Amino acid sequence: MLGVVALVAAGCGSGRTDEGSGAADTGDAIVVGTTDKIVTLDPAGAYDNGSFTPMNQVYPFLMNFAPGNPTLAPDAAESCGFSQPTVYTCKLKPGLKFANGNPLTATSVKFSYDRITKINDPNGPASLLGQLEKTDVVDDLTVAFTLKAANDQTFPLVLATNAGPIVDEKVFPADKILDDAEIVEKKPFAGPYSIESYQKNQLVEYKAIPDYNGILGKPKTDAITVRYFATTDSLKIDTQNNDIDVGFRSYSPTDLESLAGMDNVVVHEGIGGELRYIVFNMNTMPGDTPEQKLAVRKAIASSVDRDALSNDVYKGNYLPAYSSVVEGLPGAKPSYKEIYGEKPNKEAAAKFLADAGVATPVVLNLQYNPDHYGGSSSEEYAAIKSQLDATGLFTVNLQSTEWVTYQKERVQDAYPLYQLGWFPDFVDADNYLTPFFAPNNFLQNHFENPVITDLLVKETTEPDKAKREEILRQVQDELARNYISMLPLLAGKQFAVSGKNIAGVDETLDASFKFRYTVLSKN
């Protein structure tokens, strides 16, 4: 178990410019290190953890999660609730302003949600708003969201996700992504921090906003400096030397094991929920017909050895995943284990291919990312290649691409099969289904199916818990048996490493999967 049960009960550049030179003179600032990358600071253009982390520090949300608290609560909103079965209404706190002095009103909220759906960036969070019909301004402080179906069980949670940041309508254009430099210059921030200095994917400096009174709390440290590392090795070196105060994403399993044995740092383990998986481009993957393409996917599902990936590559820090819904969440079902077996089955794989008339070996062009999901991705995908090649049914051509380019190319049909990872937006099984399999989904892999779409609408609008969980299980079975547009492999926990004088890290490694700088402090 990955601790998701506990989660539900108790709880979501190119590298440094001074590589190897030790800590910079940052005064009382806390220095955070990461190998994550920022794609954009514009909420309409990114749906990834590396971009969402800075967004959580600088933008306000209507609803949010206080650090260490699993209960959704008002943030920039004073109150939110269903005024009608299909209308969710929020009233803002009075007197809110952005750091540039512009007012934050209901018009700002409507503008923020409208532009996400209008821009509909392929790497953006528009898929989270699939059930939103329209957004209306009731008065200066009140906004009403009209939903496509009554009794939506997940929409309030969406307000705290990548689709939730409220932006300044006087700064952001309504129909295109705004450049990071202009965002930083015009200070459209109303979260706990503003960005004072910005060298993209190298060095970002944050300063606390004195007037912030949201749910994340007054920052315990006025200044935060974030350094971006090219490799996990360099992150680990600066961590063990205490040249950074906190390291968050990503360390290799070997690095974590080594750091856990050191006296001057603390390895922090958060609750689970991260998912690692392979995406199939339904148009460009091998196969002359839809039936042949499905047979190839079923054969791959029958050939991967998740236990070997878990034990040999990740030392048990990631565990086998047999559904896109991680184990422990209500409604989760290990459909891939039940349908294709827990262990690889070459005979079953060969039969799927033979029955569909697929000639072997099938050439698979498999792409992975070496930096965004941790340094062990190279070892993980080398192992997957080895497993598939060993069956004699496949010949795998393995290629890698750096993250910023990867994000652009994957939505342009450049990769027939490719790696992705998932960090949940909120703690609900639907967040492992709708973003992947609904129309206009995040994967952008040309999968859309009316049977699955209908089931997703039913599960999100079913108020009876037991009935909803049964629909969730049905969705997972259908996906594994008849579609397999993505193949879940592994699920894992959150890890961060800090100096022994740093407090607050455990508090933010919670079910929201949001890393907040407000709780970090030096003892």
Side-chain angles (χ1 to χ4, degrees), residues 2 4 7-8 11-12 36 39-40 43-57 59-67 69-73 75 80 88 112-113 116-117 121 123-132 145 147 152-166 191 215-216 249 270-277 323-326 328-332 372-373 407 420-438 440-444 456 459-460 472 486 488 491-494 508-516:
L2 297 171
V4 181
L7 172 158
V8 174
C12 198
D36 257 344
V39 174
T40 176
Y47 194 0
D48 64 281
N49 198 63
S51 301
F52 195 43
T53 296
M55 290 180 195
N56 275 293
Q57 322 309 324
Y59 295 121
F61 295 73
L62 288 173
M63 301 287 283
N64 214 332
F65 297 93
N69 190 330
T71 304
L72 187 71
D75 189 359
C80 286
Y88 193 76
S112 300
Y113 283 83
I116 286 176
T117 55
D121 190 279
N123 281 313
S127 60
L128 286 167
L129 301 177
Q131 296 306 311
L132 177 61
F145 299 98
L147 308 180
D152 192 307
Q153 304 298 297
T154 61
F155 185 76
L157 294 162
V158 170
L159 302 182
T161 69
N162 295 68
I166 304 169
I215 198 173
L216 301 187
R249 292 195 42 81
I271 48 101
E274 179 184 347
L275 185 72
R276 303 176 77 94
Y277 55 97
S323 170
S324 64
V325 180
V326 296
L329 284 177
H372 185 64
Y373 299 112
Q407 276 285 74
L420 277 185
W422 185 250
F423 308 93
D425 302 297
F426 50 82
V427 187
D428 187 277
D430 175 74
N431 194 235
Y432 293 86
L433 295 171
T434 292
F436 298 149
F437 309 116
N440 190 35
N441 60 70
F442 166 68
L443 300 183
Q444 296 289 304
L456 292 175
E459 62 89 0
T460 55
L472 287 166
M486 57 85 91
K493 303 173 184 177
Q494 304 175 81
T508 192
L509 291 179
D510 61 16
S512 72
F513 255 76
K514 293 188 175 192
F515 199 84
R516 300 81 143 198

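Computed from a predicted structure; not experimentally measured. Both backbone and side-chain heavy atoms feed into the values below; hydrogens, waters and symmetry mates do not.
The backbone N or O of Ala46 sits nowhere less than 3.5 Å from a side-chain atom of Thr40 that would complete a donor-acceptor pair. Asn69 places no side-chain N or O within 3.5 Å of a backbone atom of Ala66 that could act as its donor or acceptor partner. Of the possible donor and acceptor atoms, none in the side chain of Asn440 sits under 3.5 Å from a partner among the backbone N and O of Ser127. When atom types are taken as modelled, the side chain of Asn123 and the backbone of Gln407 share a donor-acceptor pair closer than 3.5 angstrom. Put simply, the side chain of Asn441 gets close to the backbone of Gln444: a donor and an acceptor are under 3.5 Å apart. Judged by distance alone, the side chain of Gln494 and the main-chain N or O of Asp510 form a donor-acceptor pair under 3.5 Å.
In plain terms, the two heavy atoms of Pro125 and Ala44 that are nearest each other are CD-O, 3.8 Å. Shown here for Gly331 and Leu472, the closest heavy-atom pair between the two residues is O-CB, 4.0 Å. Taking all atoms of both residues into account, the shortest heavy-atom contact from Arg249 to His372 is NH2-O, 2.7 Å. Among all heavy-atom pairs drawn from Tyr277 and Pro488, the shortest one is CB-CA, 3.8 Å.
For Arg276, the salt bridge (Lys or Arg N to Asp or Glu O under 4.0 Å) partners at least two apart in sequence or on another chain are Glu274, Glu380. For Asp48, the side chain to side chain donor-acceptor pair (under 3.5 Å) criterion is met by Ser51, not counting sequence neighbours.
With no hydrogens or angles considered, no side-chain donor-acceptor pair links Asp425 and Tyr432 at under 3.5 Å. For the residue pair Asp152 and Thr154, a side-chain donor N or O sits within less than 3.5 Å of a side-chain acceptor on the partner.
Taking CG from Asn56 and CG from Asn64, the interatomic distance works out to 6.5 Å, rounded to the nearest 0.5 Å. To the nearest 0.5 Å, atom CZ of residue Phe515 and atom CD of residue Gln57 are 8.5 Å apart. Distance check: Tyr47 OH to Ile116 CD1 gives 11.0 Å after rounding to the nearest 0.5 Å. We find the OG1-CG distance between Thr161 and Leu128 to be 4.5 Å, quoted to the nearest 0.5 Å. The OG1 atom of Thr434 lies 4.5 Å from the CG atom of Leu456; values are rounded to the nearest 0.5 Å.
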Let me see the working for Phe423 and Phe52 under ring pair (Phe, Tyr, Trp, His ring centres under 6.0 Å), right down to the final yes or no.
-> CA-CA 11 Å; Phe423 308 93; Phe52 195 43; over 10 Å; no
Pair Lys493-Leu509, side-chain contact (heavy atoms from CB on, under 4.5 Å): steps then yes or no | CA-CA 10 Å; Lys493 303 173 184 177; Leu509 291 179; over 6 Å; no
Begin from the C-alpha positions of Phe65 and Asp75 and carry the test side-chain contact (heavy atoms from CB on, under 4.5 Å) through to its verdict.
-> CA-CA 8 Å; Phe65 297 93; Asp75 189 359; over 6 Å; no
Stepwise side-chain contact (heavy atoms from CB on, under 4.5 Å) check, Gln153 with Thr460 = CA-CA 5 Å; Gln153 304 298 297; Thr460 55; 5.6 Å; no
Test log, rule side-chain contact (heavy atoms from CB on, under 4.5 Å), inputs Leu443 and Met486 = CA-CA 9 Å; Leu443 300 183; Met486 57 85 91; 4.1 Å; yes
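At least one side-chain heavy atom of Ser324 sits less than 4.5 Å from a side-chain heavy atom of Leu433. Looking at heavy atoms from C-beta onward, Leu329 lies out of side-chain contact with Asp428 at the 4.5 angstrom threshold.
When Val325, Leu420, Val326 are each tested for a side-chain contact (heavy atoms from CB on, under 4.5 Å) with Leu275, only one passes: Val326. Here the rule is ring-ring contact (aromatic ring centres under 6.0 Å, His included) with Phe442, and of Phe437, Trp422, Phe436 only Trp422 fits it.
Seen from the ring of Phe61, Lys514 counts as a face-on cation partner, given the 6.0 Å and 45° thresholds.
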